[in-house]
Structure formats: structure tokens, C-alpha cells
Amino acid sequence: MLHLKYVTIGTVDMYVVQEADLTGVPTERRVEELEYELKAELNRRLGEHSRRMEEELKRRIDVNCLIYDVEEEVRRKIPTTLKVMAASIESLLEEISGVDDPIEELQCLKTALLSIPLRDLRDSVSGQRFNVIFSLLHSDDKEQVELCVGILERILLALGPVTLAQSYRVELQGGLTHPNDTVKILALTQIGRMVEHPEASTEILNNHDILAATICCIGEEKMDVAKQSLSKLSHSKPGLDKLFQTDLLKVMKDVMATSDIIRYRIYELVVEISSASPISLGYCAKSGFIAQLLGELTGDDVLTRATSIEMVTSLAYTQHGRKYLAQQGIMDKVSNMIKGADTDPFSALYIPGLVKFFGNLAIMDSPQQVCETYPVFQNKVFEMALDPDPAMIGVALDTLGLLGSTVEGKQVFHKTGERFKAVWLRMSKIAGAGATELRVRSLDAISQLLTLQPEQQTEDLLALTESWFLLLSNQPMDMIRNISTQPFPELHCGAMRAISTQLWGQKLMISTPSFMEFILDRSAGQTKDAKDAKFDLVGSLVCSSTAAEILGSQHYIRLKSYLREGPYYISAVAAVSTEGAD
């Protein structure tokens, strides 16, 4: 027998017909009556359902109409609101131009501008001139100048680069020679916006005085923004032509002669431009700047040598830069400088830079090729790692870690046999009992040397990293655990994470008494850094394809729960108090 049932399936309400649970066997007449009642009930309920849907539809239409009316009202009022804003700004500008001490009026204008969203401010200030604000910049009153700079920053940011170039080019040019640095930075920032825009940059390229003034700003204090603007300008061929094939080149050279500091700012600019493309490098090479820089690298002044090697290293970050340096024989010259350092009492000033140069060269090209072509580099790194000078040790540790992060670097070190073993033992000693900064750098280097990605885990490489780990101490697992429990967040060792994805490392973990309990113990290490380090370790274990088998299902399940709960989970502890208890 059938009966109606009102149900909800997903988001749809409907009636369904189900078998009715009737006892006994009804007569034929009763069956007909039930069918009639069923149809009547169905029609009644469908009618109610239709009525409810009609009411809901009407309600939604009313709501949508209300929303539409509100939106229309807002749209209708927006032009009026913008007109009021524009009138308010215009009124304040008139007040400012009519008083001798405009501080209060300037504060009101700044507040008004900050209260208007930037997208609306563009429409409010378009067409208005702010010459009065620019004129007030020429004052000895610092408060007035700062207020004007704040106002102009807001206004000019709301305007497009093309509008700036067409309407405020003269005012911004005047800002470049202003005695106040904040005004210069304001002008340079807006010029930087313009040179990034294709159409606006043409206006700047055609204005020799603005470009010359921008170059001169490099000679001022805190004027890195000038260097950035010129660097952006050089991203196009017209910009390169303007900087290097007009008398602006002489302006740069004149500014460069101001002082040693300014000279190296120009070098920084030239290296930055050269790194953009081989074409940019060609312009800089023809200008003579790079030849001058390379000459200082091999000159007699050790302080100049130390500074210039940093610039040359930056140039070597790009492939076309390295190719150019190789053509100029710079790699051989740097190698010879390292060889001759033993007889130079001041070599400690520039040797770290020379080692960094080859270290970056090796990591970008090939550790094996660089170490085989320039064996003096690898020898110097090992020598520095065993040196008592902390400055030398730090650079050596960083270089060892950098090269050791690659498979090729690991293999190069392994080939040196006992020489690298002595360095490794020194690294272990520093990690366990050195100064805090050196301990951190040593632990980082050890972690990188021990790390193998899953696709790198061949039988030979796994045997290599295991042999290195076992050389750390008589009880390397205890050593790593002890370091990780010390109250210095920066010492939480990544070496544990490095071995956690390797089969032999997981076997050591499970075979070391209470080691898994240490990993799963949330009370060990209460700082955020310690918790994050532990969570990363657990994550690397869970993601390992061999962890479940090696560590066992019980530990693996607990590790997954730890990962699911997150790094800062605190389990609830129930406490029961008894009335009247002391």
C-alpha cells in the first residue's frame, strides 16, 4: 500500500510515495477509498507547496528590488559625493594659499586626502593644480615641508604616470635639487613610477635635465632610490642609449669621482644594469665602467680589492656575466690572488670575498669543474675551516654547505679522502661546543651535506651520508638530540631532518632507545621555533615511503596524529577537585 512522505534530498524539498505498512488484507472498496484519499492528499500538499514557493519567490523579488534600489541610490549619489570631495579639496587649497601660517590648513587637507579611498581620490583631484603645495616646499619649517610631502605623496600616487609626466614634470625636477632628502625621495619615487610606464618614460627620456639631476642624486646620502630609477630606465634600448651614448655618461663619471663611496654606488648601478641582459652588459662594457671595476679588483689597495670582489661576484650571478668574466680572464686572476694570499699580511681582508666568488661560481656552474680547474679554491676552503679565525671559519662553513647541498659537491669532497675527514671532524667539534653563531652555521652545513632528496638516494650516496653521520661522534644520535634540547632556538638541528628521509637514518632512530619518544614528546622544546622544527621533522618522516615499515605501524600512526594535530597542539588534561580539600 502507498502513502506520502515529505523529504529533503540535498537542497531540494519533495514528496515521495512509499509503501504503507498496513496490517491485514483490505477489501477492494477500501483500496479504492485509499487511492482516492491519496490523490486528494497529494493535490492538497502540492497546492500548499506551490503556495509556499510562490511566497518565497515574491519575498526574494522584493529583496532583490530593495537591493537594486539601494545600488541605484548609491550609484546616483557617487558623482555628487565626488563633487563634494573635489569642492572640499579645492576650498582647502584656497584657504592654504590665503594664509601666512598654513600648518593647520595643511593638516586638514592631509586628513581629508587620507579619508578618501585612492580609487575615488583620482577623480577628485583630476584637473586640479597643486602648485601652492609645491611652492610651500620651499620653506625652512620642517613641519610644513613634511606635511606637504605627505600631501603630495597621496595626491601623486592617485594620478597616473602619464599625468605626472605631462603635468608635474617641472615640479618634480625642482624636487631633485631640494635641500630636504624627503622631498628628493618623493621626486625620485614618482620619476621611478614614470620610467616604468612606456609612454611616460618617453617624456623622461626627452628631458635631459631630469636625468642629469637624477644621476647627481646618487651622490647624496640615502639616495638608493635614484639608483633604482636609473636601473629601471635602462631596461629599454632608448634608455640605454640615453645613459651611455650621450653626455649623461660624463655626468655619471663626474659624480663617480666625488668619493670612494659614490664610486661604488655607480659600480652597483652598472652591475645591476649589466645583469639585465647581454645587450645591457655590452653598453656597460663599452662605457669603460666594468674595466675600471675589474682593474680595482686586481689593484694594490686591499680595501678596494675587498669591496670590488663583491661587485664582481654579483656580476657572475648571470650566465652572460660569467661568460664575460671568463673572457676577461678574471677567474684565473682570482685564483692567482688566492695563491698569493699566503705572502700578503692583509689577505684576511679580501680572501673571504674571493672564496665566496668561487663558491657562487661552483654552485651555478659545476662544483666538480670549478674545483678541478681551480684546485686552490678547494684547498683554501679546507684550510679556512681549520683556521682559528672565526671570520675564516664562518665563510668556510657556508661554502662547504653550499657546495655540499649538491650531489656533485658531496662527491668532490668524498674524493679528497682524509682531508675532508679532518674538516668534517672540525665541523662536528664546532657544532657541539663552538660559539653560538659558528654552531648554527656548522649545523646548517652538516645538514646540507647529509641531505639527499628521494630521487638522489642511490646505494652509494646513502652509504656516503651514513659514513659521514657516524663520524660525527661515538654516539651521533645522542649528540644531535642533546643539541636539539638546548635552550637556543637557532640550534635546533636540521641534521635530524636530513637523515629522517634516509633508510639508514630511520633505522638509527628506531634502534636508539627512547629516540622516537623524544620526537613525539611535545613537552621537549616550548618555543615556537622548537615546535616548528619538531613539526618539520615529523612531516618529513610521515612523507617518507619507508617510514611505516621501518618505524613500525604504532609509531607511524602516532606520527600521523602529531602531524594532523599541528605544531602547537596541547592535549587537554582533566582535573578533579574535591569539595573541602586543602
Side-chain angles (χ1 to χ4, degrees), residues 81-195 200 203-204 207 209-229:
T81 304
L82 292 178
K83 288 179 182 178
V84 171
M85 292 177 182
S88 175
I89 293 171
E90 186 175 358
S91 175
L92 285 168
L93 288 171
E94 290 178 359
E95 290 181 26
I96 290 169
S97 61
V99 296
D100 294 330
D101 185 11
I103 297 296
E104 185 177 345
E105 288 77 9
L106 287 170
Q107 289 173 337
C108 291
L109 177 58
K110 183 177 180 180
T111 302
L113 292 170
L114 291 173
S115 67
I116 304 173
L118 206 58
R119 62 180 180 277
D120 297 332
L121 184 61
R122 182 176 294 107
D123 296 327
S124 300
V125 300
S126 293
Q128 297 200 42
R129 294 294 299 175
F130 295 90
N131 300 33
V132 62
I133 306 299
F134 279 103
S135 66
L136 290 174
L137 288 171
H138 302 289
S139 170
D140 295 330
D141 188 332
K142 290 185 178 180
E143 183 182 4
Q144 177 176 308
V145 171
E146 288 178 3
L147 281 170
C148 290
V149 169
I151 289 167
L152 290 170
E153 279 178 344
R154 186 69 176 172
I155 292 169
L156 299 179
L157 188 60
L159 299 175
V162 175
T163 304
L164 288 177
Q166 294 173 346
S167 304
Y168 295 101
R169 187 171 62 251
V170 175
E171 289 82 356
L172 291 174
Q173 180 180 337
L176 295 175
T177 56
H178 196 281
N180 190 305
D181 284 348
T182 58
V183 179
K184 287 180 181 175
I185 291 172
L186 169 68
L188 288 167
T189 302
Q190 300 309 317
I191 290 171
R193 288 181 60 209
M194 287 186 277
V195 299
E203 298 279 347
I204 300 300
N207 192 312
D209 293 337
I210 283 184
L211 292 175
T214 301
I215 293 171
C216 290
C217 283
I218 296 179
E220 304 288 339
E221 294 295 328
K222 303 176 184 178
M223 288 294 119
D224 281 346
V225 67
K227 184 163 62 69
Q228 294 169 10
S229 299

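Count residues from 1 along the sequence. Quick caveat: nothing in here was measured; it's all calculated off a predicted structure.
Separation of atoms CD (Q228) and CD1 (I191) is listed at 13.0 Å; rounding is to 0.5 Å. Put simply, CG on L136 and CG on L106 are 6.0 Å apart, with the number rounded to the nearest 0.5 Å. Between the CD atom of E105 and the CG atom of L109 there is a distance of 10.0 Å, given to the nearest 0.5 Å. Taken from SG in C148 to CD1 in I133, the straight-line distance is 5.5 Å, to the nearest 0.5 Å. Here the CD1 atom belonging to I215 is positioned 11.5 Å from the CG atom belonging to L176, to the nearest 0.5 angstrom. The CD atom of Q190 sits 11.0 Å away from the CD1 atom of I204 when rounded to the nearest 0.5 Å.
In this structure a side-chain-to-backbone donor-acceptor pair under 3.5 Å is missing from Q144 to P102. Put simply, the side chain of S167 never gets that close to the backbone of L164: no donor and acceptor are under 3.5 Å apart.
Closest approach of L93 to V132, counting heavy atoms only: CD2-CG1, 3.9 Å. Between A200 and P161, the shortest heavy-atom distance links the atoms CB-O, 3.6 Å. Minimum heavy-atom separation, H178 to L137: NE2-O, 2.8 Å. Shown here for K184 and T177, the closest heavy-atom pair between the two residues is CE-C, 4.2 Å. A pairwise comparison of heavy atoms in S229 and L188 identifies OG-O, 3.3 Å as the closest pair. Considering all non-hydrogen atoms of both residues, A226 and T214 come closest at CB-O, 3.7 Å.
For CD of Q107, the number of neighbouring non-hydrogen atoms (other residues, nucleotides, ligands) closer than 6.0 Å is greater than 12.
Side-chain contact, T182 with N180: a donor N or O sits under 3.5 Å from an acceptor N or O.
Every residue was checked against the side chain to side chain donor-acceptor pair (under 3.5 Å) condition with Q173, not counting sequence neighbours, and none meets it.
Within the 4.5 Å cutoff, no side-chain heavy atoms of V162 are placed close to those of M194.
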Side-chain donor/acceptor pairs under 3.5 Å, residues 150-160, sequence neighbours excluded:
{"residue": "R154", "atom": "NE", "partner": "L113", "partner atom": "O", "Å": "3.4"}
{"residue": "R154", "atom": "NH2", "partner": "I116", "partner atom": "O", "Å": "2.9"}

